[in-house]
Amino acid sequence: MIIKDISIQSKCYNSINRVKSYSMNHQDRYSWIIKITDSDECIGYGEASPLPGFNDETFDAAGYALEGFRLAIIENEYIELDEIMILIQIHTIDAPSASFAIETAIFDILSQHQNVGLNKYLNPKALPQIKINGLYKLTSLDNYKVIKIKCGFRNLYDEVQLLSQLSNKYDSSISFILDLNQAYDLPKAIRFFKEMEQFNIEYIEQPIDKDNFADLIELQFHSNIPIALDESINSINSLHHLLEINCGDVFIIKPQSMGSFSKIKKAINLIKEANKIPVITSSLEGIIGRLCSMHLSSANIINTCCGLAMEPIYQ
């Protein structure tokens with residue numbers, strides 16, 4: 001592969017709507033966009049957008065990692081794909097979003113050479129379409145059969161009232177994903193789960209502190225509503241540990257936080273082998289990152305709803 005040019009630029013996305021959660025108030029998002037051009041004038045784009053507060057990677061660290069990769073590779077007239085992948089790994093050890101961005105651009109170019117979509121390049125048996133959930137206060141809810149709601153920052157009465165209003169507004173085919181973003185301790189989580197049993201709930205996401213595995217396991221005995229883990233998963237090692245102690249039912253993979261395509265595939269396979277449910281969600285980054293996550297969901301045969309918000313969410 002001959003790489004002719006690599007450019008990197010920062011971008012700020014202005015949110016159309018504000019999404020509030022227990023741990024953050026989502027407004028604007030910052031991303032690094034990497035553009036790679038090869039000798040055949042094929043152009044691949046990737047996006048690095050580390051999620052503040054989710055892992056230890058900073059926006060600046062992602063930018064330094066991208067620039068380090070650019071400097072390492074741009075002087076080579078010809079470079080094998082295996083060597084490119086090694087260089088990505090070396091320069092993005094502590095910057096998974098940068099790894100994800102570079103691989104997105106590289107595989108984008110490779111799929112163009114094969115004249116297939118990225119999902120089909122990664123897996124010829126990729127799904128022709130995937131399921132996506134809506135997000136309350138961010139997307140148009142009328143377009144979805146599954147609606148995700150950020151919870152944990154309202155009082156319990158208001159949470160119940162909101163679910164009642166939405167349940168009455170939409171027919172019985174609509175189900176809900178509730179995301180608590182680590183809002184509760186065990187007693188409050190038990191009460192919340194009991195109150196939510198009257199509604200059509202797919203699962204409740206990260207109800208308790210991400211590192212409090214004992215209480216997360218205990219919570220599983222108090223309700224039949226599945227527990228999803230998100231913040232608890234930031235690496236293959238953390239996923240291994242959760243599966244070993246049988247903590248959680250649904251496991252959410254964020255490509256920006258997991259990093260390389262191979263790690264994402266490995267994580268999904270581990271989840272499936274444990275008879276658990278894998279889900280891919282975005283980090284509410286720009287369209288480049290979300291589109292790639294869509295292709296990864298298809299290539300890795302994710303049959304459950306994924307949180308990718310493919311409609312416009314930024315100005």
Side-chain angles (χ1 to χ4, degrees), residues 15-24 26 29 49 51 54 119 127-153 159 162-181 183 192-193 196 199-207 225-233 248-258 264 267-268 271-272 276-287 289-314:
S15 181
I16 296 172
N17 298 302
R18 300 294 187 253
V19 179
K20 185 178 180 181
S21 72
Y22 172 76
S23 58
M24 64 174 284
H26 173 71
R29 285 292 272 126
S49 188
L51 186 61
F54 192 88
N119 60 333
L127 296 174
Q129 59 184 6
I130 61 170
K131 301 174 183 177
I132 297 175
N133 63 261
L135 181 57
Y136 180 68
K137 291 291 186 181
L138 186 68
T139 61
S140 174
L141 302 185
D142 293 333
N143 298 330
Y144 301 94
K145 292 294 184 181
V146 180
I147 299 171
K148 182 174 181 176
I149 305 171
K150 295 285 187 178
C151 298
F153 57 93
E159 303 279 25
L162 175 60
L163 266 295
S164 296
Q165 290 172 348
L166 291 174
S167 295
N168 291 332
K169 181 177 181 179
Y170 299 101
D171 60 44
S172 58
S173 65
I174 298 295
S175 59
F176 300 96
I177 297 168
L178 308 182
D179 188 359
L180 287 172
N181 290 113
F192 181 85
F193 272 63
M196 294 301 121
F199 304 111
N200 189 12
I201 307 297
E202 293 271 321
Y203 55 81
I204 297 177
E205 189 175 325
Q206 205 67 59
I225 298 176
I227 295 173
L229 300 179
D230 183 5
E231 287 93 335
S232 294
I233 305 168
D249 307 292
V250 179
F251 294 80
I252 296 170
I253 303 300
K254 280 183 164 56
Q256 292 281 354
S257 298
M258 188 60 67
I264 294 166
I268 292 168
I271 296 165
K272 289 180 177 180
K276 304 290 186 177
I277 300 172
V279 172
I280 287 182
T281 70
S282 75
S283 299
L284 293 180
E285 69 269 42
I287 194 63
R290 284 181 281 142
L291 278 171
C292 181
S293 294
M294 177 193 71
H295 282 281
L296 288 170
S297 299
S298 168
N300 287 284
I301 319 296
I302 304 294
N303 293 303
T304 48
C305 274
C306 292
L308 301 177
M310 297 312 298
E311 62 188 85
I313 61 175
Y314 297 111

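Note that the structure is a prediction, hence the values are computed from the model and not measured.
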Exercise for review: Please indicate whether Gln129 has more than 12 foreign heavy atoms, meaning atoms of other residues, nucleotides or ligands, lying under 6.0 Å from its CD.
Suggested key: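 At most 12 heavy atoms, drawn from other residues, nucleotides or ligands, come within 6.0 Å of this atom.
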Looking only at heavy atoms, what is the nearest atom pair of [X] and [Y], with distance?
X      : Y      : value
Ile174 : Tyr170 : CG1-CB, 3.3 Å
Ile301 : Lys272 : O-NZ, 3.1 Å
Phe199 : Ser164 : CZ-OG, 3.5 Å
Pro226 : Asp249 : CA-OD2, 3.4 Å
Gly289 : Glu285 : C-OE2, 3.5 Å
Pro207 : Phe193 : CB-CE1, 3.9 Å

Between [atom1] on residue [X] and [atom2] on residue [Y], distance to nearest 0.5 Å:
X      : Y      : atom1 : atom2 : answer
Gln256 : Thr281 : CD    : OG1   : 10.5 Å
Ile252 : Ile271 : CD1   : CD1   : 9.5 Å
Cys306 : Asn133 : SG    : CG    : 8.0 Å
Met310 : Ser282 : CE    : OG    : 8.5 Å
Asn143 : Ile132 : CG    : CD1   : 11.0 Å
Cys151 : Leu163 : SG    : CG    : 6.0 Å

Is there a side-chain contact between [X] and [Y], using heavy atoms and a 4.5 Å cut-off?
X      : Y      : value
Asn303 : Leu127 : yes
Phe176 : Glu202 : no
Tyr136 : Asp179 : no
Ile233 : Ile253 : yes
Ser167 : Asn200 : no
Ile280 : Leu296 : yes
Ile287 : Arg290 : yes
Ile277 : Tyr203 : no

Can a donor-acceptor pair be found, under 3.5 Å and without considering hydrogens, that links the side chain of [X] to the backbone of [Y]?
X      : Y      : value
Ser257 : Leu51  : no
Lys276 : Gly248 : yes
Thr139 : Leu141 : no

Check your understanding: So Thr304 and Ile302, side-chain contact (heavy atoms from CB on, under 4.5 Å) or not? Walk me through it.
Key -> CA-CA 6 Å; Thr304 48; Ile302 304 294; 3.8 Å; yes
Between the side chains of [X] and [Y], does any donor sit under 3.5 Å from an acceptor?
X      : Y      : result
Tyr144 : Glu311 : yes
Ser283 : Lys254 : no
Arg29  : Ser49  : yes
Ser298 : Asn119 : yes

Point to revise | Passing candidate, side-chain contact (heavy atoms from CB on, under 4.5 Å) with Ser175, options Ile201, Ile147, Val146 | key: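 With Ser175 as partner, side-chain contact (heavy atoms from CB on, under 4.5 Å) holds for just one option, Val146.
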Practice item. Tell me, with the steps shown, if Gln206 and Asn181 meet side-chain contact (heavy atoms from CB on, under 4.5 Å). Key: CA-CA 5 Å; Gln206 205 67 59; Asn181 290 113; 5.9 Å; no
Practice item. Output yes when Lys148 and Glu205 qualify as a salt bridge under the 4.0 Å nitrogen-oxygen rule, no when they do not. Key: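 So Lys148 pairs with Glu205 through a salt bridge.
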**Study point:** Evaluation steps, side-chain contact (heavy atoms from CB on, under 4.5 Å), between Ile177 and Ile149
**Key:** CA-CA 6 Å; Ile177 297 168; Ile149 305 171; over 6 Å; no
